[in-house]
K.L.:
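Below: one structure in structure tokens.
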Amino acid sequence: MEFRYLPMTERDKQEMLDVIGVDSTEELFSDIPDNVRFKGELNLKKPANEASLKKELAGMAAKNANLSEYSSFLGAGVYDHYIPSVVDHVISRSEFYTAYTPYQPEISQGELQAIFEFQTMICELTGMEVANSSVYDGGTALAEAVTLSAGQTKRDKIIVSKTVHPESRAVIHTYAKGQNLKIVEIDYKDGQTDLDQLRNEIDDNTAGVVVQYPNFFGQIEPLQEINSIIRQQKKTMFITSSNPLALGYLTPPGDFGADIVVGDTQVFGIPAQFGGPHCGYFATTDKLKRKVPGRLVGQTTDEEGERGFVLTLQAREQHIRRDKATSNICSNQALNALASSVAITSIGKQGLRKMAVLNMQKARYLKQQLEKAGFPATFDGPFFNELTVKLPENVTNVNEKLLDSRIIGGYDLAKAYPELEGHMLIAVTEIRTKAEMDTFVKELGDIHGE
Amino acid sequence: MANKDFPLIFERGQEGRTSYSLPELDVPELDLDSEFDDAYIRTEAPDLPEVSELEIMRHYTALSKRNYGVDSGFYPLGSCTMKYNPKINEDVARLDGFSQLHPHQDPKAVQGAMEMMYDLQTSLAELTGMHEVSLQPAAGAQGEWTGLMMIRAFHEANDDFNRTEVIVPDSAHGTNPASVTVAGFDAVTVQTNEHGLVDLDDLKRVVSEKTAALMLTNPNTLGLFEADILEMAEIVHHAGGRLYYDGANLNAIMGYARPGDMGFDVVHLNLHKTFTGPHGGGGPGSGPVGVTSEIAPYLPKPLLVKKDGEYLFDDDRPLSIGRVKPYYGNFGINLRAYTYIRTMGAEGLKKVSEYAVLNANYLMRKLEKEYELPYPQHCKHEFVLSGKNQKKLGVRTLDIAKRLLDYGYHPPTIYFPLNVEEAMMTEPTETESKEMLDGFIDAMLSISEEAKNDPEIVQEAPHLTPVKRMDETTAARKPVLRYSK
């Protein structure tokens, strides 16, 4: 069998063995003791040639109902936005995607500058002073924020609103266990964080308060009031997770006094791809810049005074500080941060608010049509591009029927909120058309009428 | 101080210029602002770029020319496994049937994606000799932490709450001790002996009833196989601890040895190293974990399982450590790894390790003539040279690395591992041809000559790169982390 990624010929191999001074490659493995040697053949599928493998995998792909061929109303943290064509053309340049972390700045200025630009865009969107080069995703970014707040305040209680994404909360719980932190979840009232409960829970052992804006139900949390409650406790950190597209219309959390703002830039140029990789962003106040997890790019000059960029403040990081590092994170999501930078650039200063508004207008149209059809919204507060409605039957059953009409229905809230049995979380992006929404409402009505 | 030739995206374009193409508003327009309290309506637009589509392409094309990837040239970064990133992987990952899937879709509607994941889990279990695999961790460091959290949960389930220490070799990658801390343990160092292997006497000294685990990379970061692994496993297991395998160096031993057969209880793999996920300029990666049947109940949830011919996400796992990441892991990277494993099969993957080791030994034997080789035995997929001889001439390893840039090569990993003075950790990978290796050898040998005869040319390198050495001190002292007008 020939393997196209392995260039050595028999002649090469022989010449190299002669240089090394052994008779066979087997001798190079003689340091692996016999009692741990694997002697059989690995039980893997036979090697496949390129043509047949492509066909096989295309067949596997074809078994899946995909967002390009179906009308999707599913959001809940991952959104079906249009990805400008330029994005894939840029990230397909192999100087970017086959590069390692830019530890050699002299030959990595392209990547470093792109990340510096990404950091700037995140600061602009969130209203924060510092942003890092990205972390895994929005969920783990929240867990990192929680860890940072506990380390910085030397406190071990974290308050998390139940309107934060359930899977992000689950991740926070796992990280908290490692750090011996106590997580207190507070309820929601009318689809927003229960502020009375927040007032009661916050105390001088609270390291941080975590809310989401817009929250998991799509509702806009009252950050102004939340901030004033938090500020009554000195040191307690105000942590917000935000959909960055919503910040094209909404006042950014930085303006409300947030200490740490995180989220996911999947909305900008990153396909849903079954949940990952996406791209977490991590933004803070200037005061926290030496506590930020992950890589940071800074501007400097070279010996000849030319502007250039380097990885900086590395004394925070695991490869220098080892067990004293601010986080164990090593990689970032550089390629996805690049994709988001290109998408944000394409939408641009002029387009961002228009795109946000388009999402909002369409979501409101659908809300009205659903109400007319007898499916009232669960919550009345201001919202971005997601809404929850009450259906007369189990959402997962409804979704199964919708699938027959090539519609991917919304998120079944009962999965994470048992009290919301029959409530569907519906997302509307700029690419859903009036016709698709009308069909969706009609199908829901038909299912209900059965 | 703006560089006219290489403006930032914010320094290009003109106010009012756009390149967006948004769908039409095809529904009646409502007054949105009346719905909101004024305080929540953004008054100042974020200062984002205002450029045309062509300006975007020119900008990023210019940046890409100031970057260096595996497709640009040789990249012998030790421990990073900078092998070729196959193009079919990229094509497959872009199929709508994979890239356009939402993680909350009904599992019945995404059985093809789940089949791929299941098949990958099974293949990785087979390659590592482990019982079960989860694809959830986002990258190697997260895999390490996930593994340690599982070991912690295992001990706690046995009412054993006193195991507070994790033993890590002094040659370990920095993520190891950092992950130990994040998982709530204390890192304890075990020394390397004069042969570059874990010192068994020191291991016996540091192991105790407090030992939760030993974290090990095998072959280790010096590129040497820890031949006493079974004895080490015995020492740690006897004390009640568990063995953690850092899969960073699996590229050396596929088909030759498996962590599960060496006594390891938990492993993580870096799919962006051994299994050709592109490094992307720093990520995304993927760091699946594999475990023995004893540790399996603690795997992150949900776990992808197959039941009566159907693929399911099993959330009913009461002993699970919980979620480590939203959704199911970095699917797009896992898909690339799967495509690679299907391309190579058992026969191909064994050849991968054979050639990775052959290439490393060939380079090592050629370079040891001029560069100090602290551990002279055969290496596995990588080896560590010391720049000691050159340092005596006033040329440091950093200078050698920078001079290599002038010769058109990416340098090896430098100053790591920490237990070798002026270290140069070199990993050629199996995808490089002999001509490429010979070219690199020639460059390294000429630099050694330059160090003797013309040290300034090395000390002042690089001379031919787009920018010269950077002022990193000022960057850290007075950080400028974003653009401001």
Side-chain angles (χ1 to χ4, degrees), chain A residues 3 7 12 16 31 42 44 47 60-61 63-68 90 93-95 97-99 101 106-107 109-111 120 124 136 139 167 170 174 178 271 273-277 298-300 302-303 307-308 310 312 318-319 322-323 325 328 330-335 345 349-351 365 434, chain B residues 3 18 20 26-27 46 48-49 60 63-64 66-71 95-97 99-101 103 109-110 112 138-139 141 174 177-179 181-184 187 225 278-285 322-323 326-327 330-332 345-346 348 362 433-434 465 467-468 470-471 475 480 482-483:
Chain A
F3 295 98
D12 292 333
M16 291 164 77
D31 53 349
L42 292 166
L44 300 175
M60 218 179 229
K63 290 183 196 170
N64 306 315
N66 76 65
L67 303 173
S68 305
V90 170
R93 291 193 68 93
S94 66
E95 296 88 342
Y97 82 83
T98 72
T101 306
E106 297 87 348
I107 55 167
Q109 284 301 303
E111 180 68 46
T120 306
E124 283 294 326
Y136 305 137
E167 297 192 16
T174 312
Q273 45 192 339
F274 210 40
Q299 179 180 305
T300 187
D302 76 355
E303 289 167 348
R307 176 173 72 187
V310 292
T312 194
Q318 47 74 29
H319 63 283
R322 301 178 74 84
D323 57 324
N328 69 330
C330 177
S331 60
N332 61 0
Q333 305 285 294
L335 195 68
T345 299
K349 185 175 184 174
Q350 302 296 326
Y365 172 77
K434 179 173 177 293
Chain B
N3 184 328
T18 64
Y20 66 82
D26 56 357
V27 297
L48 299 176
Y60 287 104
L63 291 190
S64 76
R66 283 156 70 89
N67 224 40
Y68 185 93
V70 173
D71 285 0
L95 294 172
D96 278 354
S99 70
Q100 297 297 322
L101 300 182
V110 287
S179 298
T181 303
V182 179
F225 192 85
H279 281 74
R323 265 194 182 281
Y327 321 119
N330 281 344
F331 177 83
Y362 175 71
S433 66
K434 181 168 176 295
T465 48
V467 293
K468 302 291 176 284
M470 288 288 160
D471 180 357
V480 178
R482 57 155 297 173
Y483 166 74

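The figures here come from the full heavy-atom set of this structure, side chains too, leaving out hydrogens, waters and symmetry mates. Below, chains carry the letters A, B, ... as their sequence lines are ordered, and counting in each starts from 1. Given the structure is predicted, the values throughout are model-derived calculations rather than measurements.
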K.L.:
Could you tell me which non-hydrogen atom of B:Gln100 sits nearest to which non-hydrogen atom of A:Ser68, and how far apart they are?
P.N.:
CG-OG, 3.3 Å
K.L.:
Shorter than 4.5 Å, heavy atoms on both sides: which option in A:Val310, A:Leu42, A:Asp12 has the most such pairs with chain B?
P.N.:
A:Leu42
K.L.:
Quick check for you: among A:Thr101, A:Val90, A:Ile107, which has the greatest number of heavy-atom pairs under 4.5 Å with chain B?
P.N.:
A:Ile107
K.L.:
Do you know which of B:Gly332, B:Gly285, B:Pro278, B:Pro326 has the most heavy-atom pairs under 4.5 Å to chain A?
P.N.:
B:Pro326
K.L.:
Counting heavy-atom pairs under 4.5 Å to chain A, which of B:Ala139, B:Gly281, B:Ala109, B:Ala475 comes out on top?
P.N.:
B:Gly281
K.L.:
What distance do B:Leu95 atom CG and A:Met60 atom CE have between them, rounded to the nearest 0.5 Å?
P.N.:
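Here the rounded value is 11.5 Å.
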K.L.:
Which residue out of B:Gly184, B:Pro103, B:Gly345 racks up the most heavy-atom pairs below 4.5 Å with chain A?
P.N.:
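Of the options given, most contacts go to B:Pro103.
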K.L.:
Report the residues that fulfil side chain to side chain donor-acceptor pair (under 3.5 Å) with B:Asn67, sequence neighbours left out, ordered by chain and then residue number.
P.N.:
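Side chain to side chain donor-acceptor pair (under 3.5 Å) list for B:Asn67, sorted by chain: empty.
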K.L.:
Can you tell which of A:Gly276, A:Ala325, A:Gly298 has the highest number of heavy-atom pairs within less than 4.5 Å of chain B?
P.N.:
A:Gly276
K.L.:
To check you understand the geometry: which heavy-atom pair defines the closest contact between B:Pro284 and A:Leu335, and what is its length?
P.N.:
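Taking B:Pro284 first and A:Leu335 second, the nearest heavy atoms are CD-CB, 4.1 Å.
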K.L.:
Quick one: list whatever passes side chain to side chain donor-acceptor pair (under 3.5 Å) with A:Gln350, sequence neighbours left out.
P.N.:
B:Glu50
K.L.:
Any chance you could measure B:Tyr483, atom OH, to A:Glu124, atom CD, to the nearest 0.5 Å?
P.N.:
10.0 Å
K.L.:
Is it the side chain or the backbone of B:Ala183 that comes within 4.5 Å of chain A heavy atoms, both, or neither?
P.N.:
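The backbone, not the side chain.
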K.L.:
Please report the interatomic distance OG1(A:Thr98) to OH(B:Tyr68), rounded to the nearest 0.5 Å.
P.N.:
9.5 Å
K.L.:
Mind ranking A:Pro7, A:Pro277, A:Ala65, A:Gly139 by heavy-atom pairs under 4.5 Å with chain B and telling me who comes out on top?
P.N.:
A:Pro277
K.L.:
Are the side chain of A:Gln273 and the backbone N or O of B:Phe331 linked by a donor-acceptor pair below 3.5 Å?
P.N.:
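Absent.
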K.L.:
To check you understand the geometry: which heavy-atom pair defines the closest contact between B:Gly97 and A:Asn64, and what is its length?
P.N.:
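Smallest interatomic distance, heavy atoms only, reads O-ND2, 2.9 Å.
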K.L.:
First locate atom CG of A:Asp323, then atom OG1 of B:Thr181, and finally report the distance between them rounded to the nearest 0.5 Å.
P.N.:
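Answer rounded to 0.5 Å: 4.5 Å.
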K.L.:
Please round to the nearest 0.5 Å and tell me the distance separating atom CZ of A:Arg307 and atom CE of B:Met470.
P.N.:
11.0 Å
K.L.:
If I compare all heavy atoms of A:Asn66 with all of B:Asp96, which pair ends up nearest, and what's the gap?
P.N.:
CB-O, 3.3 Å
K.L.:
Give a yes or no on whether the backbone of B:Arg323 and the side-chain of A:Thr174 come within a donor-acceptor separation of less than 3.5 Å.
P.N.:
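Yes, A:Thr174 side chain to B:Arg323 backbone: donor-acceptor pair under 3.5 Å.
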K.L.:
Can you name the closest pair of heavy atoms from B:Ser179 and A:Asn328 and give their distance?
P.N.:
OG-ND2, 2.9 Å
K.L.:
For residues A:Glu111 and B:Gly280, report the shortest heavy-atom separation together with the two atoms involved.
P.N.:
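In terms of heavy atoms, the two residues are closest at OE1-O, 4.2 Å.
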K.L.:
Between A:Gln318, A:Lys63, A:His319, A:Lys434, which shows the greatest number of heavy-atom pairs under 4.5 Å with chain B?
P.N.:
A:Gln318
K.L.:
Considering only heavy atoms and a distance below 4.5 Å, find which of B:Ala187, B:Gly322, B:Ser433 pairs most often with chain A.
P.N.:
B:Ser433
K.L.:
For A:Thr312, is it the side chain, the backbone, both or neither that has a heavy atom under 4.5 Å from a heavy atom of chain B?
P.N.:
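For A:Thr312, side-chain heavy atoms alone lie under 4.5 Å from chain B.
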K.L.:
Quick one: what part of A:Phe3 sits under 4.5 Å from any heavy atom of chain B, side chain, backbone, both or neither?
P.N.:
side chain
